[in-house]
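Because only heavy atoms are used, hydrogens play no part in the values below, and waters and symmetry mates are left out as well, while side chains stay in. Heads up: numbering here begins at 1 and tracks the sequence.
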Amino acid sequence: MDLKLVFWGLVGILGLVLVGNALWTPLKFLLRAAFCLATGGILLAGVNLLFGHWGLHIALNPFTLLLAGVLQVPGVILLALLRCFFV
């Protein structure tokens, strides 16, 4: 077996590892943000469905979805309190 072929094979594998790591970090951040947005949407839709009869409606926009997704239940409580006291 040719030694040059083995060398270029190892260089190619190293290149794939480096490029894979460089692409995985932003993808991991985007997947985490998408999960937070989806979780926030589910939480806010549930709050709007349960408490909509009493006039509590929290808008579904990217800020409220991300806040509810990152902070979970405390974020939804914060949004509900902000809605009650300031709007």
Side-chain angles (χ1 to χ4, degrees):
M1 196 172 199
D2 193 24
L3 193 58
K4 193 186 290 185
L5 182 65
V6 172
F7 173 74
W8 285 112
L10 291 175
V11 168
I13 290 173
L14 179 66
L16 284 175
V17 168
L18 291 176
V19 169
N21 284 337
L23 293 177
W24 177 247
T25 303
L27 181 64
K28 189 167 51 171
F29 174 75
L30 289 175
L31 288 174
R32 201 174 286 162
F35 180 73
C36 284
L37 286 172
T39 305
I42 291 169
L43 286 171
L44 289 179
V47 167
N48 286 338
L49 186 67
L50 290 174
F51 296 108
H53 302 308
W54 292 287
L56 178 64
H57 175 76
I58 301 172
L60 296 176
N61 58 48
F63 175 74
T64 59
L65 290 175
L66 198 57
L67 184 70
V70 170
L71 296 178
Q72 302 286 318
V73 174
V76 173
I77 292 170
L78 173 70
L79 288 170
L81 289 174
L82 288 172
R83 173 80 170 118
C84 289
F85 289 119
F86 292 111
V87 177

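- Cluster membership for Leu50 and Leu82, using ILVMFWY side-chain heavy atoms within less than 4.5 angstrom, is shared.
- Residues Phe35 and Val70 do not share a hydrophobic cluster, defined by chaining ILVMFWY side chains whose heavy atoms lie under 4.5 Å apart.
- To the nearest 0.5 angstrom, Leu79 atom CG is 11.0 Å from Cys84 atom SG.
- Residues Ile58 and Ala80 share a closest heavy-atom pair of CD1-N, 3.9 Å.
- The line from CG of Asn21 to CG of Leu16 is 11.0 Å long, rounded to the nearest 0.5 Å.
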>> Is there a side chain to side chain contact (heavy atoms under 4.5 Å, CB included) between Asn48 and Leu60? Walk through the geometry before answering.
In response: CA-CA 10 Å; Asn48 286 338; Leu60 296 176; 4.3 Å; yes
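- Expressed to the nearest 0.5 Å, how far CG of Leu66 lies from CG of Leu71 amounts to 9.0 Å.
- The hydrophobic cluster of Ile42 has no other members, since no ILVMFWY side-chain heavy atom comes under 4.5 Å of it.
- Side-chain heavy atoms closer than 4.5 Å link hydrophobic residues (I, L, V, M, F, W, Y) into clusters, and following such links, even through other members, never connects Leu30 to Leu37.
- Hydrophobic clustering (side-chain heavy atoms under 4.5 Å, transitive across Ile, Leu, Val, Met, Phe, Trp, Tyr) keeps Leu27 apart from Phe29.
- Both Val73 and Val76 are members of a single hydrophobic cluster when ILVMFWY side chains are connected at heavy-atom separations under 4.5 Å.
- Applying the side chain to side chain donor-acceptor pair (under 3.5 Å) test to residues at least two apart or on different chains, the pairs with a partner in residues 52-72 are Asn61-Thr64.
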